[in-house]
Amino acid sequence: MTSPQDLLARVAELRRLLEYHNHRYYVLDDPKISDAEYDVLFRELAVLEREHPELDDPNSPTRRVGGAVRDGFEKRRHSQRMYSLDNAFDVAEWRLFIERIRREEPHAALAFWAEPKLDGLAAEIVYEHGRMSVALTRGDGEEGEVVTENMRTVRNLPLILKVPEGKDSSVSALPSLLEVRGEVVMLKKDFHALNDRQEEEGDKIFANPRNAAAGSVRQLDSRITASRQLRFMAYGVGDVRWDGGAQTPREHWGTQAEIMAALESYGFTIPQGAQRFESPDGVAAYYERLAAERDSLPFEIDGVVAKLDDLHLQDALGTTARFPKWAMAMKFPAHQAETRLEAIEIQVGRTGVLTPVARLAPVSVGGVTVSNATLHNEDEIRAKGLLIGDTVVVQRAGDVIPEVVRPLKERRDGSEREYAFPSQCPACGSQAVRLEGEVAWRCVNASCPAVVRQRIVHFVSKAGLDIQGVGKKLVEQLVREGRIKSPADLFGLGVGELSLMERMGLKSAENTVSAIAKACKSASLERLVAAMGISHVGEQTAKTLARTYRNLDEIMLAGGDELMALPDIGPEVAASIGVFFANEDNRALLERFRGVGLWPQAEPGDESVPGGVLAGKTILFTGTLPDMSRPQAAKLAEAAGAKVVSTISKKVDYLVAGENAGSSKLDKARALGLTVIDHAAFMRLLDADLDVAGDDQPAEGRAAKANQQQLSLI
Ligand code: IVH
């Protein structure tokens, strides 16, 4: 039996070792142990933490895999404003900036700290007594969103500050408060791998690494953030304090270079290539050099940021309302190239919109081969005056989706032809229509094969019901082979039929059928509304509707005025909802959903949680649960109004014990007289809500009834 002291020491040792090896791997790029050895240490710590929840620590390396799932992000003010930067677009503008400084500070030597301008999402990470306490997005500079759990999953970010080498290993070598500012980025290779995965699963494709990084930081499910390979590059500090001495930040650090060296010594990654220049000319040369090298860097940059190195000089110059007078962002021009516009083709989207796409002779634009570019709509082709066969300028502003900027009219030789936008859908041949006030032409044939395919792809994707293992490729194959024509057909697919398809064995056919059945049984109203593909109804509107109405019948009955009274719903969205439910085909589809049991009743949202079956109850999960992860179980419990905690105490109403639940936790629970239930009993507890939904018993009463009749106490 290990003594409590030995246990504590081992847990502390494992946490220290894992942080050390994490830093070697992700920051120094110089691992000292293999992945397998790392995993062994990680698993030992995870087991100890599971068995001893009293040792819980939000900064444990085990938190790097995520877990918390939230409804939204709380906002918080930055203790010091996060300023923006003034821009220069060439070296001449940089020289004007230098002249402005010289007018104010004629005698000062102007040395600069310069580094790449990273194209990501700005964030601030707060460390109190060396431990990460809060992470905020930049937001509008005054106020950001609290994204602490998500940022804990960013592997190169220290959870506990490293004590600088050569300092005695007490915390006094570290500031008691440190606000680190920097950019969250996704490396180009991780961005491309993510988009490949998203495409395979029929999910959203990110336009550029910046959007991918921003979308990942603002994920409600921190496990998704953890899977996204984000990196944090520190470029400055906000408030900094030291205990015990009268030291102010300026007494501690006199230059930007010293701040950056300190940040590196605490374990942060700083932007690759950051360096000090003795003169403004050095910065100008650096800008030219980086502009030429930008494509070979592992992350996207859109310029160079130069900051006066001397902090006292920075203070003397001060700021304008929006940016500091001592720093400048020198932006690079967008990547451009010339190529031939070979053809314009039409893509049909899930709402029937016909989008023209430029087919280009392949050309390298900023290191990426471009052969397609969206032209958005008919008006845009006309406004740009494009002819088929034109030599055109294409541009990539850090985006994956390139843009046709303009035709080079002087290169025309008379062989170019005008493009006639089709009046028929290229997929089904039916008449295309351009609705009053809209720029887009649409195919309004509900059974157009292209529309059907895209609708089903959307239905199964993460933005829809998120049916595991049913991706874009499978849907395309099913539609091509005529096995499905509507999302409702998915629920009629049998194992026998699927297993006969190419590249599909019996096992995967079984998995597919069971994933579809599971989605049918467990879909929430919010997900189903989002999955149906109503024009202008995205995830946010779906959430609003699911919070307001109990089921699709109620949404169908809601009139336009009633809908417009809801947050985020204006006349256009309300009209689109009305049109969708008035359509015969859509109503027939909904009846088929009802027929197969896909008719969710709303999970109570924030406002209705007090009425949930577990309202006011506190729940703790331990051990592994069959069929679902702990975060999923926690989400269900929270949706039913419970508060989910991770530490055992007298306040816990139910301890849900899964397999391999630690015996010490169970003993402690019994000693405290808590109700310990198994997973099946937990599910029955939730079901009690559905069984008696609409019953006029108060929720508390229902829970009590379920408690007495159905719980199997362990
Ligand atoms: S310094 C007062 N350094 O650019 C100084 N910003 O336009 C404020 N950015 O919101 C920022 N790379 O997100 C700084 N090396 C870098 C940067 C950088 C990217 C972003 C940052 C900021 C925006 C300002």
Side-chain angles (χ1 to χ4, degrees), residues 78-89 93-94 97 101 112-125 135-145 147 151 154 156 179-187 208-218 230-240 249 253 255-257 259-261 263-264 268-277 283 286-287 290-291 293-294 297-311 313-332 397-398:
H78 295 283
S79 68
Q80 293 178 1
R81 179 162 173 190
M82 288 183 79
Y83 282 95
S84 177
L85 287 168
D86 196 4
N87 291 317
F89 292 92
E93 288 185 6
W94 166 250
F97 166 69
I101 298 182
F112 284 88
W113 180 262
E115 63 206 1
K117 183 165 193 299
L118 307 157
D119 206 6
L121 174 80
E124 175 173 76
I125 325 290
L136 299 176
T137 61
R138 174 178 182 271
D140 62 3
E142 302 266 2
E143 192 179 72
E145 286 176 320
V147 288
M151 290 304 294
V154 175
N156 72 331
E179 296 179 349
V180 178
R181 290 163 173 196
E183 201 84 352
V184 187
V185 300
M186 192 179 281
L187 302 188
N208 50 48
R210 179 188 61 243
N211 287 0
S216 304
V217 170
R218 301 191 62 259
L230 298 169
R231 295 282 179 274
F232 180 85
M233 313 267 177
Y235 55 60
V237 295
D239 197 5
V240 187
W253 298 319
T255 63
Q256 188 73 23
I259 293 180
M260 299 304 283
L263 291 179
E264 233 183 331
F268 294 93
T269 305
I270 67 167
Q272 185 181 323
Q275 54 187 293
R276 191 183 127 100
F277 292 93
V283 177
Y286 178 70
Y287 166 74
L290 229 54
E293 280 174 9
R294 69 190 279 207
L297 288 176
F299 41 79
E300 289 277 359
I301 65 171
D302 58 353
V304 160
V305 179
K307 301 161 194 171
L308 265 179
D309 194 39
D310 183 333
L311 301 184
L313 212 46
Q314 288 188 3
D315 294 342
L317 285 165
T319 65
T320 71
R322 288 194 309 114
F323 41 74
K325 294 191 199 165
W326 41 264
M328 182 57 87
M330 303 166 73
K331 302 289 274 284
F332 296 142

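Quick caveat, the model's predicted, so the values are computed rather than measured. In each ligand, atom 1 is the first atom listed, and ligand 1 is the first ligand listed.
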So, do Phe89 and Phe332 have ring centers that fall under 6.0 Å from each other? no
Closer than 4.0 Å to some heavy atom of [X] - which atoms of ligand 1 meet that?
X	result
Tyr83	8 (C)
Arg138	10 (O)
Glu115	3 (N), 15 (N), 16 (C)
Pro324	2 (C)

Step by step, work out the salt bridge (charged side-chain N to carboxylate O under 4.0 Å, His left out) result for Arg218 and Glu145. CA-CA 9 Å; Arg218 301 191 62 259; Glu145 286 176 320; 2.5 Å; yes
Strictly under 4.0 Å, does any heavy atom of Arg181 approach an atom of ligand 1? no
Side-chain (Gln314) to main-chain (Leu308) donor-acceptor, under 3.5 angstrom: yes
Less than 3.5 Å between some nitrogen or oxygen of [X] and one of ligand 1, yes or no?
X	value
Leu118	yes
Pro271	no
Leu85	yes

Protein contact of atom 6 (N) of ligand 1 - nearest heavy atom, named by residue and atom, plus distance: Tyr235 CZ, 3.5 Å
With a 4.5 Å cut-off on side-chain heavy atoms, are Leu290 and Pro116 touching? yes
